[in-house]
Protein chains: 2
Amino acid sequence: MSPEPSDRHSQDTKTALLDAAEKLFAHSGIAQSSLRSITTGAKANLASVNYHFGSKEGLVRAVFARRLHPLNQQRLDLLARCARDDREIPDLQCLLRAFVEPAVTMISSDDTGDREFAKLLGRMLFEPSNDLRALIMDEFREVSEQFTAELSRVFPAASQQEIVWRFHFMVGSLAHTVAGRYMISHRLECLQLTEDEDVETLINRLVGFLQTGWLGIEGEAMP
Amino acid sequence: MSPEPSDRHSQDTKTALLDAAEKLFAHSGIAQSSLRSITTGAKANLASVNYHFGSKEGLVRAVFARRLHPLNQQRLDLLARCARDDREIPDLQCLLRAFVEPAVTMISSDDTGDREFAKLLGRMLFEPSNDLRALIMDEFREVSEQFTAELSRVFPAASQQEIVWRFHFMVGSLAHTVAGRYMISHRLECLQLTEDEDVETLINRLVGFLQTGWLGIEGEAMP
DNA sequence: GTCTATAGGTGGATAGAC
DNA sequence: GTCTATCCACCTATAGAC
């Protein structure tokens, strides 16, 4: 476990605060998580958040920035590997996997923090705070631009609007899959099914759904 | 406009409170909307919420119950019209439209309340409150069961898991489309595109995407 | 049913000792 | 850097006059 507060370094406290906040945000929401509950969870004192992050909002920003940057970088790395060079058009399935896999993998990661953050991934799309939204958009911009650009190359006949909207639909499916699991659990309960699936199966299901969804783009959307 | 508080009936105040709460919830989130701001917006006194709804949570429940019931009823009505009788298997496109259309239509409804509530539709899937989640699930259960049952008839070779997961993906796409519009707006801005589309086009785009997505279900998900 | 006043509690932030 | 004590703004809920 983490060292006792008395013999902890600055970095330890900062990380403990981030971890505790992340967990509470995932479980109860941001607004409902008080600095008191966060500092108690981190075994730090009440003033530590303001010392290390300036304010509660600063802490919120730090919580999201910490995980979003690696997540989106991973997506870009995987996308880059879908084509041997810049001239080659990437494979659709490889592209969709590059977008989806890093996020879905988080829900059963070895890292507790990743698992907690996964629950936040869906909710963050609907957060009302302008400040937080701006940060999320900043972190997401590069991914959004590179993936839509590559999708345009895969489907040269499709309009920009069509590409962007389908990308939007895809983001929604992914978010609900990663963070809205309680809903599917409910349904599976009703259907008397056990949830014995692994992440790989889930990724395959989602990529399969999205892939055929995208393949309908070239012809008329509605027959 | 609504009548002045002094010459208003009980029902008027109740409705004014629901409208004001709905608008504030959509704009700032539930936790961030205080009873003070709600009652001020409704031109009612601070105590009125507790008088009419018992508590803030009672008001929250009422806000969601008011719109969710008609929305889901509309979905069921449209689904019922997709097949001439119980023996006939419904048309896939008709079924998907029945699920999607009532929600998407809300975003440009003539009723201001519908438009405000549409912004809440996505966020509600990730609300941490157990009480609210239970209400949402209760209202959604019938829709969820009937649509997945019909989808099983459309795709008899598909497993229950596959049906329920794809239904889950679909809910995510719809939620993000209806409530997460700020994100697509951002992208459209970046692409220098104007958002001059009407709702009908949007519904067609979404149904087109979902329809081809579902059509991939019979064969192997991954080739 | 409406409204004012207020109780009773919790929130984020900070001053200042160590 | 850490921690305690405290400020004060704001919250929900309620009591009681009208």
Side-chain angles (χ1 to χ4, degrees), chain A residues 1-25 27-64 127-132 135, chain B residues 1-25 27-64 127-132 135:
Chain A
M1 298 303 288
S2 59
E4 284 306 298
S6 49
D7 50 274
R8 240 177 7 192
H9 296 98
S10 167
Q11 207 53 37
D12 293 332
T13 303
K14 237 176 143 168
T15 306
L17 287 170
L18 287 170
D19 291 342
E22 185 169 64
K23 192 169 183 172
L24 279 162
F25 291 169
H27 186 265
S28 318
I30 298 173
Q32 291 86 346
S33 304
S34 67
L35 292 186
R36 287 178 162 81
S37 61
I38 293 166
T39 49
T40 302
K43 290 177 187 162
N45 67 83
L46 180 56
S48 57
V49 167
N50 280 285
Y51 178 80
H52 286 285
F53 301 98
S55 65
K56 183 182 178 179
E57 198 171 78
L59 172 63
V60 173
R61 263 198 303 271
V63 165
F64 280 87
E127 277 298 327
S129 154
N130 289 326
D131 192 78
L132 180 52
L135 177 131
Chain B
M1 297 299 289
S2 59
E4 284 306 299
S6 48
D7 51 276
R8 240 176 10 192
H9 296 98
S10 167
Q11 205 54 37
D12 293 332
T13 303
K14 235 175 145 170
T15 307
L17 287 170
L18 287 170
D19 291 342
E22 186 170 62
K23 191 170 183 172
L24 278 162
F25 291 169
H27 185 264
S28 318
I30 297 173
Q32 290 86 350
S33 303
S34 67
L35 292 186
R36 287 170 207 285
S37 61
I38 293 166
T39 49
T40 302
K43 291 177 187 163
N45 69 82
L46 180 56
S48 57
V49 167
N50 281 285
Y51 178 78
H52 287 285
F53 301 98
S55 66
K56 182 182 179 179
E57 197 171 79
L59 173 62
V60 172
R61 264 198 304 269
V63 164
F64 280 87
E127 278 298 327
S129 154
N130 289 325
D131 191 77
L132 180 53
L135 178 129

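Just so you know, these numbers use all the heavy atoms, side chains as well, and skip hydrogens, waters and symmetry mates. Reminder, nothing fancy here: chain letters follow the sequence lines and each chain counts from 1.
- Residue A:Ser48 is out of contact with every strand shown, counting any heavy-atom pair closer than 4.0 Å.
- Remark: B:Ala20 pairs with B:Ile38, B:Ala42 by the side-chain contact (heavy atoms from CB on, under 4.5 Å) rule, at least two apart or across chains.
- Nearest approach of A:Val49 to A:Ser55, heavy atoms of both residues: CG1-O, 3.9 Å.
- With sequence neighbours excluded, no residue forms a side-chain hydrogen bond (donor to acceptor under 3.5 Å, both in side chains) with B:Asn45.
- The interatomic distance linking A:Tyr51 (OH) with D:dT4 (P) rounds to 17 Å, in whole Å.
- When rounded to the nearest whole Å, the span between CG of A:Leu17 and P of D:dG1 equals 13 Å.
- Atom NZ of B:Lys56 and atom P of D:dA13 are 9 Å apart (whole Å).
- From one end of the helix from C:dG1-D:dC18 to C:dC18-D:dG1 to the other, with five pairs defining each end axis, the axis direction shifts by 0° (rounded to 10°).
- Under the side-chain hydrogen bond (donor to acceptor under 3.5 Å, both in side chains) criterion, B:Ser37 pairs with B:Ser34, sequence neighbours left out.
- Here NZ of B:Lys43 is found 13.0 Å from CG of B:Asp12. Values are rounded to the nearest 0.5 Å.
- Considering only side-chain N and O atoms, A:Thr13 lies under 4.0 angstrom from the phosphate OP1 or OP2 of D:dT2.
- The stretch residues 46-58 of chain A participates, sequence neighbours left out, in these salt bridge (Lys or Arg N to Asp or Glu O under 4.0 Å) pairs: A:Glu57-A:Arg61.
- A:His52 places its NE2 atom 12 Å from the C1' atom of D:dC3, with the value rounded to the nearest Å.
- Taking CG of A:Asn130 as the reference point, atom CG of A:Leu135 lies at 12.5 Å (rounded to 0.5 Å).
- Rounding to whole angstrom units, CZ of residue A:Phe53 and P of C:dA13 are separated by 13 Å.
- A donor-acceptor distance shorter than 3.5 angstrom exists from the side chain of A:Thr39 to the backbone of A:Arg36, with no hydrogens or angles considered.
- Every residue two or more places apart in sequence or in another chain was checked for a ring-ring contact (aromatic ring centres under 6.0 Å, His included) with A:Phe53, and none qualifies.
- Under the side-chain contact (heavy atoms from CB on, under 4.5 Å) criterion, B:Ser129 pairs with B:Asp131, B:Leu132, sequence neighbours left out.
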Between protein and nucleic acid, restricted to nucleotides 15-18 of chain D and to nitrogen or oxygen atoms under 3.5 Å apart, what atom pairs and distances do you find?
none

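- We find that CD of A:Gln11 is positioned 13 Å from C1' of D:dG1, with the value rounded to whole Å.
- The separation between B:Asn50 atom CG and D:dA13 atom C1' is 5 Å, rounded to whole Å.
- In this structure, B:Ser33 and B:Ser28 approach most closely via the heavy-atom pair OG-CB, 4.2 Å.
- If you check residues 28-40 of chain A against DNA chain C, the residues with a heavy atom closer than 4.0 Å are A:Ser33, A:Ser34, A:Leu35, A:Arg36, listed by number.
- Between B:Leu46 atom CG and D:dC11 atom P the separation is 10 Å, expressed in whole Å.
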